[in-house]
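Remember, it's 1-based here, ligands and their atoms both numbered in the order they're listed. All values derive from a computational prediction rather than experimental measurement.
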Amino acid sequence: MTHTVHVGVAESPYDVTIEPGLMDRIGTMIAPLVRSDKVGIVTDSNIEKLYLDRVVRSIQDCGLDPVVATIPAGEAYKTLSQLLPVYDIFLRARFERTTPILACGGGVVGDMTGFVAATLLRGVPFIQIPTTLLAMVDASVGGKTGVDHPVGKNLIGAFHQPTAVLIDPAVLQTLPPRELRSGLAECIKHEIIRDERGFESLEQNLHRALQLDLDYLSELIAHNVGIKASVVVNDPLERGERAHLNFGHTFGHAIESVSNYAYAHGEAVALGMCAATYAAVELGMINQSDRQRIIRLIQQTGLPTSGLTLSVDSVVKSMYSDKKVRSGRIRFVLPTRIGAVTLRDDLSSELVRKSLESLC
Ligand code: ADP
Ligand code: ZN
């Protein structure tokens with residue numbers, strides 16, 4: 001069963017195709033889009049062992065010549081210096097403006113490859129083959145690419161839209177379970193900000209996602225890509241609605257960074273969604289029973305909702321020292337019910353602290 005989601009970004013619309021087993025059909029999927037005899041592939045040292053052979057073979061079977069660059073796995077290597085050998089390989093292989101570059105891996109590979117594609121010869125076509133649930137439902141839409149800098153994450157980058165995104169949900173079978181749950185945090189986020197019926201469906205089918213039921217995962221991924229695409233397309237310049245995607249992330253980013261990334265992104269976002277929902281209850285914006293439903297779904301996913309091991313003081317400090325905070329006001333995304341959120345920048349620092357204490 002194939003799902004296709006159209007991402008109608010103004011300058012360069014594209015399709016996201018979701019289909020179990022797609023990994024063996026990458027060649028035939030990309031051949032109509034390619035106007036070059038070569039194809040660049042960037043992957044990481046883990047994905048290389050698991051999936052590279054299949055991707056390379058399917059591309060060769062279509063008469064194209066794959067050129068592979070492998071980067072070390074992990075966020076620690078998401079740096080500019082790791083890209084230099086990648087540029088070397090592709091430039092020495094005489095890539096041209098029409099030579100596409102495929103990203104085969106998680107969010108790190110996707111962001112780094114997108115940046116190479118945005119900058120090599122001032123921009124070549126970029127095709128994404130995301131292999132983590134997080135990259136499938138989040139990084140596949142939005143066009144953000146880049147690398148980290150010691151001063152902060154994703155500080156060097158460019159916008160570069162893919163020509164196509166090809167998703168094989170079957171690759172989630174090898175993904176560490178903690179990474180799968182982390183990706184589900186973003187799915188829960190999407191339902192809370194936009195779709196009460198989607199939330200209900202996830203409550204009913206969560207066990208199928210956790211058991212890697214491929215029919216359900218395909219549906220879930222398509223649904224989530226659709227939500228993200230509609231938000232991004234409605235607000236291409238990030239002036240308003242797109243901020244809703246930050247639900248759980250204002251608290252979450254601070255938790256992630258103070259923990260020195262001991263909490264995975266999705267785990268920190270899960271805690272962040274609980275803290276934001278607590279604040280919304282305190283402000284009388286949402287009822288307790290919706291809060292209980294949100295907490296229950298996050299818990300059932302195996303994500304943390306309490307037991308914060310960090311000092312609340314240091315998390316509060318980190319939140320207020322963020323460069324985006326103007327005159328002591330932080331903008332939060334708070335739920336008003338399951339399926340809707342609103343922006344608030346009038347939370348007292350006492351309430352921010354209390355919300356974090358609710359996680360301890
Ligand atoms: P993200 O930012 O999307 O969470 P990363 O690119 O940091 O993901 O990948 C997380 C880890 O999971 C990396 O070590 C990566 O090599 C590994 N990984 C990615 N996809 C898969 C997969 N389908 N099977 C097994 N391991 C994977
Ligand atoms: Zn996120």
Undergrad: Any idea which atoms of ligand 1 are less than 4.0 Å away from a heavy-atom of I47?
TA: 18 (N), 19 (C), 20 (N), 21 (C), 22 (C), 27 (C)

Undergrad: Got a sec, which pairs hit salt bridge (Lys or Arg N to Asp or Glu O under 4.0 Å) with one end in residues 16-30, sequence neighbours left out?
TA: E19-R25, D24-R54

Undergrad: For a side-chain contact (heavy atoms from CB on, under 4.5 Å) with Y216, tell me which candidate from L206, L202, I221 qualifies.
TA: L202

Undergrad: Salt-bridge test for R197 and D195: reply yes if a basic N is under 4.0 Å from a carboxylate O, no otherwise.
TA: no

Undergrad: Could you name all protein N, O or S atoms found under 2.8 Å from the Zn ion (ligand 2)?
TA: E186 OE2, H249 NE2, H265 NE2

Undergrad: Compute the shortest N/O to N/O distance between Y51 and ligand 1 and return yes if it is under 3.5 Å, no if not.
TA: no

Undergrad: Between R208 and D213, does any NZ, NE, NH1 or NH2 come within less than 4.0 Å of an OD or OE carboxylate oxygen?
TA: yes

Undergrad: Only heavy atoms of D44, strictly under 4.0 Å: list the atoms of ligand 1 that pass.
TA: 15 (C), 16 (O)

Undergrad: Any idea which atoms of ligand 1 are less than 4.0 Å away from a heavy-atom of T132?
TA: 1 (P), 3 (O), 8 (O), 9 (O), 19 (C), 20 (N)

Undergrad: Starting from atom 26 (N) of ligand 1, which protein heavy atom do you reach first, and at what distance in Å?
TA: P176 CD, 3.9 Å

Undergrad: Any nitrogen or oxygen of V171, side chain or backbone, less than 3.5 Å from one on ligand 1?
TA: yes

Undergrad: Any luck finding a side-chain donor-acceptor pair between N287 and S289 under 3.5 Å?
TA: yes

Undergrad: With salt bridge (Lys or Arg N to Asp or Glu O under 4.0 Å) as the rule and sequence neighbours excluded, what pairs involving residues 174-192 come up?
TA: R178-E267, E186-K189

Undergrad: For atom 11 (C) of ligand 1, what is the nearest protein heavy atom, given as residue, atom name and distance?
TA: E179 OE2, 3.9 Å

Undergrad: With atoms numbered from 1 as shown, which atoms in ligand 1 lie under 4.0 angstrom from a non-hydrogen atom of A73?
TA: 14 (O), 16 (O)

Undergrad: Using heavy atoms and a threshold below 4.0 Å, how should the contact between L172 and ligand 1 be classified: side chain, backbone, both, or neither?
TA: neither

Undergrad: Considering residues at least two apart in sequence or located in another chain, which fulfil the ring pair (Phe, Tyr, Trp, His ring centres under 6.0 Å) criterion with H265?
TA: H249, H253

Undergrad: With heavy atoms only and a cut-off of under 4.0 Å, state how L134 meets ligand 1: side chain, backbone, both or neither.
TA: side chain

Undergrad: I'd like to check which ligand 1 atoms, numbered from 1 as shown, lie under 4.0 Å from a non-hydrogen atom of L50.
TA: 24 (N), 25 (C)

Undergrad: For ligand 1, which atoms have a heavy atom of N46 less than 4.0 angstrom away?
TA: 13 (C), 14 (O), 15 (C), 16 (O)

Undergrad: Check this for me: does any side-chain nitrogen of one of D138 and K228 sit under 4.0 Å from a carboxylate oxygen of the other?
TA: yes

Undergrad: Identify, by atom number and element, the atoms of ligand 1 in contact range of V108, meaning under 4.0 Å from any of its heavy atoms.
TA: 2 (O), 5 (P), 6 (O), 7 (O)

